[in-house]
Chemist: 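Dropping a structure here in structure tokens format, bear with me for questions.
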Amino acid sequence: GSHHWKYDDQELWPSTFEHCSGKSQSPINIETGKTIYDSSLPAIVLEGYDLSDKALLKLQNNGHTLQLNLPSTMHIVQGFDNMFIAAQLHFHWGTKEVPGSEHTIDNVHFPAEIHVVHYNSKYASLQEAATKPDGLAVLGGFIGIGLLENENYENILSSLTDVSLEETNTEIPGFNVRHLLPPNLERFYRYNGSLTTPPCFQTVNWTVFNDTISVSRKQLAALEDTLKAGQSLLSRNFRAAQLLHGREVYSSFK
Ligand code: 3J4
Ligand code: ZN
């Protein structure tokens with residue numbers, strides 16, 4: 001594909017993508033002792049996330065991540081000033097030795113992170129919204145290791161081998177995407193940031209859930225070990241934490 005950036009040389013992104021050196025970049029380290037409790041933050045309310053298994057969803061290895069395209073009938077209907085339409089979800093991960101979440105909590109990485117990307121319904125498309133200050137809302141969830149297999153994640157992970165090569169895709173049946181996120185959507189962090197990949201537009205209203213999603217060690221290993229980017233393993237696809245430059249991070253809970 002026409003990729004002009006790599007995770008290996010993320011220090012060089014700003015030389016090609018000017019927004020990547022801005023002062024509201026993502027991800028960030030969330031220092032829990034410095035977050036500001038905001039009792040007025042509305043709970044995240046999702047609509048249309050329970051998809052029929054008759055609708056097929058495109059799952060792709062785009063060389064940077066594993067991405068599932070989502071139907072525009074999925075919305076965040078509360079939690080922001082406008083409605084936000086889902087576009088895609090994807091993952092960031094590391095290796096067995098290196099935990100690969102993008103956001104960190106008190107400087108600690110989680111094994112992986114899911115991002116569900118939504119765009120403001122006042123704009124015509126994700127591409128248009130991605131350039132607007134109030135364009136995007138991404139929901140982020142930390143993925144950790146538990147004893148049990150997470151059946152909800154099998155909806156995606158069972159098709160991993162079909163997209164092991166870069167720029168390949170497959171179709172998977174719809175399922176309840178809500179179940180990829182933590183059970184409790186009321187406890188989250190909120191801040192203004194950016195796309196964590198070039199072109200790093202500073203147009204994302206970030207929600208990072210406090211509660212972790214658990215998958216089995218075997219499921220995480222499948223994500224870490226199956227996909228390729230070119231000839232190499234697709235792994236460690238996370239950007240380092242960026243400076244806050246005076247930004248505040250709010251929490252919905254005490
Ligand atoms: C846009 C660009 C392409 O980043 S993350 O912050 O959730 N990790 O907006 C679209 C494209 O039009 O050119 O990478 O970003 C995508 S995106 O919003 O779907 N996007 C945000 C891909 C990585 C994700
Ligand atoms: Zn992401």
Side-chain angles (χ1 to χ4, degrees), residues 1-7 10 13-14 16-22 24-30 44 57-72 74 76 80 84-94 99-104 109-143 156 166-167 169 177 180-181 188-209 213 223-224 227 229 234-242 247:
S2 59
H3 307 304
H4 303 288
W5 57 272
K6 288 182 153 55
Y7 281 99
Q10 52 185 278
W13 291 356
T16 313
F17 304 96
E18 56 180 344
H19 297 278
C20 297
S21 56
S24 296
Q25 289 291 290
S26 294
I28 58 165
N29 174 46
I30 297 169
I44 301 291
L57 309 175
K58 184 177 173 180
L59 181 70
Q60 57 188 145
N61 170 353
N62 64 20
H64 299 304
T65 190
L66 173 70
Q67 179 173 313
L68 183 67
N69 291 347
L70 300 170
S72 57
M74 284 175 55
I76 307 174
F80 304 97
F84 283 76
I85 302 169
Q88 51 106 330
L89 64 82
H90 62 269
F91 302 90
H92 302 267
W93 62 89
S101 69
E102 294 215 293
H103 290 92
T104 55
H109 281 271
F110 289 80
E113 187 169 332
I114 180 175
H115 290 158
V116 190
V117 180
H118 303 74
Y119 65 94
N120 195 322
S121 62
K122 72 199 251 194
Y123 301 115
S125 68
L126 172 66
Q127 284 67 28
E128 183 191 349
T131 65
K132 304 293 195 291
D134 60 352
L136 302 181
V138 182
L139 303 181
F142 293 118
I143 299 173
I156 292 174
E166 179 173 356
E167 298 296 351
N169 57 76
V177 177
L180 298 179
L181 295 172
F188 58 83
Y189 299 103
R190 170 68 53 75
Y191 78 98
N192 292 317
S194 73
L195 301 184
T196 67
T197 64
C200 305
F201 295 139
Q202 297 184 149
T203 57
V204 179
N205 191 328
W206 273 98
T207 300
V208 179
F209 294 113
I213 306 135
L223 184 62
E224 290 169 346
L227 304 185
L234 171 50
S235 64
R236 302 201 198 196
N237 57 348
F238 59 95
R239 188 187 194 191
Q242 303 294 302
R247 282 176 289 173

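Counting starts at 1 for both ligands and their atoms, following the listed order.
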Chemist: Apply side chain to side chain donor-acceptor pair (under 3.5 Å) to residues T196 and E102 and explain how you reach the verdict.
Modeler: CA-CA 8 Å; T196 67; E102 294 215 293; 2.6 Å; yes
Chemist: Do Q202 and H19 meet the criterion of a side-chain donor-acceptor pair at a distance under 3.5 Å?
Modeler: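 The answer is no; no qualifying pair exists.
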Chemist: Counting each atom of ligand 1 from 1 as listed, which ones have a heavy atom of A130 under 4.0 Å away?
Modeler: 9 (O)
Chemist: May I ask you to identify the nearest protein heavy atom to atom 10 (C) of ligand 1, giving residue, atom name and distance to one decimal place in Å?
Modeler: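 Of the protein heavy atoms, L126 CD2, 3.8 Å lies nearest.
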Chemist: So is V204 close enough to ligand 1, meaning a heavy atom under 4.0 angstrom away?
Modeler: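 No heavy atom of V204 comes that close to ligand 1.
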Chemist: Using the benzene-type ring in the case of Trp, are the ring centres of F238 and H109 under 6.0 Å apart?
Modeler: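 Ring centres of H109 and F238 closer than 6.0 Å.
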Chemist: Considering only heavy atoms of V117, which atoms of ligand 1 have at least one such atom less than 4.0 Å away?
Modeler: 7 (O), 18 (O)
Chemist: Give the atom name of whichever N/O/S atom in H115 sits closest to the Zn ion (ligand 2).
Modeler: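 For H115, the N, O or S atom at the smallest distance from the Zn ion (ligand 2) is ND1.
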Chemist: What protein heavy atom sits nearest atom 6 (O) of ligand 1, and how far away is it?
Modeler: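 Of every protein heavy atom, T196 N, 2.8 Å lies nearest to atom 6 (O) of ligand 1.
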Chemist: Quick check: of its N, O or S atoms, which one does H90 have closest to the Zn ion (ligand 2)?
Modeler: NE2
Chemist: If you count the non-hydrogen atoms of other residues, nucleotides and ligands that lie under 6.0 Å from CD in E18, is the total more than 12?
Modeler: no
Chemist: Around atom 7 (O) of ligand 1, find the nearest protein heavy atom and jot down its residue, atom name and distance.
Modeler: H90 CE1, 3.2 Å
Chemist: Please identify which atoms of ligand 1 are closer than 4.0 Å to at least one heavy atom of P198.
Modeler: 14 (O)
Chemist: Centroid-to-centroid, W13 to Y7, below 6.0 Å?
Modeler: yes
Chemist: Return the residue, atom name and 0.1 Å-rounded distance of the protein heavy atom closest to atom 19 (O) of ligand 1.
Modeler: Q88 NE2, 2.8 Å
Chemist: Distance to 0.1 Å, residue and atom name: give those for the protein heavy atom nearest to atom 13 (O) of ligand 1.
Modeler: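 The closest heavy atom on the protein side is P199 CD, 4.2 Å.
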Chemist: Of all the atoms in ligand 1, which lie at a distance below 4.0 Å from a heavy atom belonging to W206?
Modeler: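 Those atoms are 6 (O).
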Chemist: For L195, counting its heavy atoms only, list the atoms of ligand 1 lying under 4.0 Å from any of them.
Modeler: 2 (C), 6 (O), 15 (O), 18 (O), 21 (C)
Chemist: Main chain of F84, side chain of S121: is a donor-acceptor contact present, judged purely on distance under 3.5 Å?
Modeler: no
Chemist: Just jot down the ligand 1 atoms closer than 4.0 angstrom to any heavy atom of Q127, in number order.
Modeler: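 Those qualifying, in numeric order: 12 (O).
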Chemist: Can you tell me the N, O or S atom of H92 that's nearest the Zn ion (ligand 2)?
Modeler: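 Among the N, O or S atoms of H92, the one closest to the Zn ion (ligand 2) is NE2.
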Chemist: Answer with yes or no whether the side chains of W206 and S26 bring together a donor and an acceptor at under 3.5 Å.
Modeler: yes
Chemist: Flag the pair R247 / S24 as yes when at least one side-chain heavy-atom distance between them is below 4.5 Å, and no otherwise.
Modeler: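 They are in contact (side-chain heavy atoms under 4.5 Å apart), so the answer is yes.
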Chemist: Look at atom 23 (C) of ligand 1 and say whether a protein heavy atom is found at less than 4.0 angstrom from it.
Modeler: yes
Chemist: Against ligand 1, does R239 come closer than 4.0 Å with any heavy atom?
Modeler: no
Chemist: Say whether N205 and Y191, considering side chains only, have a donor N or O and an acceptor N or O under 3.5 Å apart.
Modeler: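 Not at all, the side chains of N205 and Y191 share no donor-acceptor pair under 3.5 Å.
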Chemist: Would you say that L70 contacts L89 through its side chain, given a criterion of any heavy-atom pair below 4.5 Å between the two side chains?
Modeler: yes
Chemist: Has S101 got a side-chain atom pairing as donor or acceptor with F110's backbone, closer than 3.5 angstrom?
Modeler: yes
Chemist: Atoms of ligand 1 less than 4.0 Å from H92 heavy atoms?
Modeler: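 Answer, ordered by atom number: 8 (N).
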